[in-house]
Every structure is written in structure tokens, then in C-alpha cells.
Amino acid sequence: MTVGDYKSAVTSSAVLERLEPFDPRIVGTLPLGLAVPGSDIDIVCHVLDPNSFADIVWKHYRSADDFVLYRWTSGTRPAIARFVWDGWPFELFGDQRPVEQQRSWVHFEVERRLLALDDGRLRRAVGTLRAGGLKTEPAFAAVLGISGDPYQGLLDLAVETDAGLRARLAACDLG
């Protein structure tokens, strides 16, 4: 199973088509090219009616390996589904907030921007930390010298201009 194969699993599962009413978007390490063994296919959705989301997910994926479907009991009470399809672990996250306002999407977008502005050294440094077991946001924060909560630190970077992000990259010792 190679990283490129995840797109085949997404296609064969028809998950994006089935969840189309919920604005599904793939986020995380796979589209960023920072996946490690065990990385899952993360899909965030805008879900105003968790029951309709759950009904669709249940109908199409309940027989998939390792299927679970639940809701958080705090915050906006997102609905989450996990399952394995074609050997790939999927995680579907359905929140009442529009995708652009969800933390996972904001993290993904700032990470994507940083990688696009970089000459390859940031990708290598983050990739090395990921290969050593660090989660994505803590790896970015460590390389970028962000102290404190790495998740909040990346959210804070999201409002930076590209020039500001370039300046941050230039200030880092990326090897």
C-alpha cells in the first residue's frame, strides 16, 4: 500500500460522492505528502443535521472493517465515523461549522501554504519528525519554533500573509 493508493480507496469507496451534500474535503497528511505508515484518510464535512449524515454513513459503510460511528458530547457535538476501505483507514468528521471554520481545515490550509512557500527543507524537516512518531501539527510547530500549544500556534499562523509566512520560514533553521 503506497501513499498514492489513497486516491484509489477514496474513489472506490465513493465517499466524496455520497457525502456531497456535506461539502466533504480531504485534509491531513496524505494530500500534503507527509503521510507515514498508518496515516488515515481524513475527510471533514459541514453537517447541519448529524442524523442525516449518520444515516448516509451507516447505510454505505457499516459493513466496512473496523466501522464505528459516534458523536462527541462536547462543543459542537460533531459526528465521527471510522472504517477501513481497501486497506485504508478513513475518518469522517461532520461538524455544524462550515468546513472553512473547522480547526482541521485551517491547520491543513496553513500547512499547505507553508509547504508551497518552502523550498523543500520544511517538508524534509517535518517529514523527519513525522517519521519519528510526532503528529503533524506538533511537527510543524517544532520546526517553526512555535512554543505552547502547537494546534493553537498553527491556528494563529493562518491569519499571516504569505510574506509573513515566508519571513517565519526564513527565520527557521531548516538545515
Exercise for review: Apply the test side chain to side chain contact (heavy atoms under 4.5 Å, CB included) to residues Ile43 and Phe90: give CA-CA distance (whole Å), side-chain angles for both, the deciding distance (0.1 Å), then the verdict.
Suggested key: CA-CA 8 Å; Ile43 301 176; Phe90 278 73; 4.2 Å; yes

**Study point:** Ionic contact status for Arg82 with Asp66, cut-off 4.0 Å
**Key:** no

Revision key, fill the gap. Of all heavy-atom pairs linking Arg130 and Val36, the shortest is NH2-CG2, 3.5 Å

Review point. Are any non-hydrogen side-chain atoms of Ile56 and Phe22 less than 4.5 angstrom apart?
Key: yes

Point to revise | Within-4.5 Å side-chain heavy-atom neighbours: Thr11 and Leu16 | key: no

Review point. Considering all heavy atoms of both residues, which atom of Gly94 and which atom of Val47 are nearest to each other, and what is their separation?
Key: CA-CG2, 3.4 Å

Check your understanding: Can you tell me if Arg123 uses its side chain to pair, donor with acceptor, with the backbone of Asp118 under 3.5 Å?
Key -> no

Check your understanding: Quick one: do Glu100 and Arg25 make a salt bridge, cutoff under 4.0 Å?
Key -> yes

Review point. Roughly how far, to the nearest 0.5 Å, is the CG atom of Leu30 from the OG atom of Ser39?
Key: 5.5 Å

**Study point:** Separation between CH2 of Trp88 and CG of Asp5, rounded to the nearest 0.5 Å
**Key:** 6.5 Å

Point to revise | OG on Ser63 to CH2 on Trp58, rounded to 0.5 Å | key: 10.0 Å

Point to revise | Contact check, side chains of Ile26 and Asp42, non-hydrogen atoms, under 4.5 Å | key: no

Point to revise | Straight-line distance of Leu144 CG to Leu157 CG, nearest 0.5 Å | key: 6.5 Å

Check your understanding: Tyr61 and Phe67: aromatic ring centres closer than 6.0 Å?
Key -> no

**Study point:** Worked check of side chain to side chain contact (heavy atoms under 4.5 Å, CB included) between Glu137 and Glu111
**Key:** CA-CA 9 Å; Glu137 286 76 10; Glu111 292 159 357; 3.3 Å; yes

Point to revise | Check: Glu91 and Ile41 side chains under 4.5 Å, non-hydrogen atoms | key: no

**Study point:** Heavy-atom side-chain proximity of Pro31 to Tyr6 below 4.5 angstrom
**Key:** yes

Exercise for review: Mind checking the CG-CZ spacing from Asp95 to Arg71? Nearest 0.5 Å is all I need.
Suggested key: 9.5 Å

Check your understanding: Applying the 4.5 Å side-chain criterion to the ILVMFWY set and letting contacts propagate, would Val159 and Trp105 be lumped into a single cluster?
Key -> no

Revision key, fill the gap. Nearest heavy-atom contact between Asp86 and Ser8 is OD2-O, 4.4 Å

Review point. Any chain of hydrophobic side-chain contacts (each under 4.5 Å) joining Ile146 to Leu155?
Key: no

Exercise for review: Mark yes or no for whether Arg18, through its side chain, and Ser13, through its backbone, hold a donor-acceptor pair below 3.5 Å.
Suggested key: yes

**Study point:** Min side-chain heavy-atom separation Pro138-Tyr151 under 4.5 Å
**Key:** yes

Review point. So Val106 and Gln102, side chain to side chain contact (heavy atoms under 4.5 Å, CB included) or not? Walk me through it.
Key: CA-CA 6 Å; Val106 176; Gln102 294 180 33; over 6 Å; no

Practice item. Indicate the ring-plane relationship of Trp85 and Phe83, choosing parallel, tilted or perpendicular according to the 30° and 60° boundaries. Key: perpendicular

Point to revise | Val57-Val84 co-clustered via ILVMFWY side chain contacts under 4.5 Å | key: no

Check your understanding: Rounded to the nearest 0.5 Å, how far does CD of Glu160 lie from CG of Leu117?
Key -> 11.5 Å

Check your understanding: What is the minimum heavy-atom distance between Gly38 and Pro89, and which atoms define it?
Key -> O-CG, 4.3 Å

**Study point:** Side chain proximity check, Leu92 to Ile80, heavy atoms < 4.5 angstrom
**Key:** no

Check your understanding: Between Arg113 (side chain) and Ala158 (backbone), is there a donor-acceptor pair under 3.5 Å?
Key -> yes

Review point. Mind checking whether Phe140 and Leu115 have side chains closer than 4.5 Å, heavy atoms only?
Key: yes

Exercise for review: Take Arg103 and Gln152, measure what side chain to side chain contact (heavy atoms under 4.5 Å, CB included) needs, and give me the verdict at the end.
Suggested key: CA-CA 9 Å; Arg103 290 173 64 104; Gln152 186 58 51; 4.2 Å; yes

Practice item. Identify the two heavy atoms, one from Val99 and one from His46, that lie closest to each other, and give their separation to 0.1 Å. Key: CG2-N, 3.8 Å

Exercise for review: Could you pull out the closest heavy-atom pair between Ala139 and Leu129, with the gap in Å?
Suggested key: O-CD1, 3.6 Å

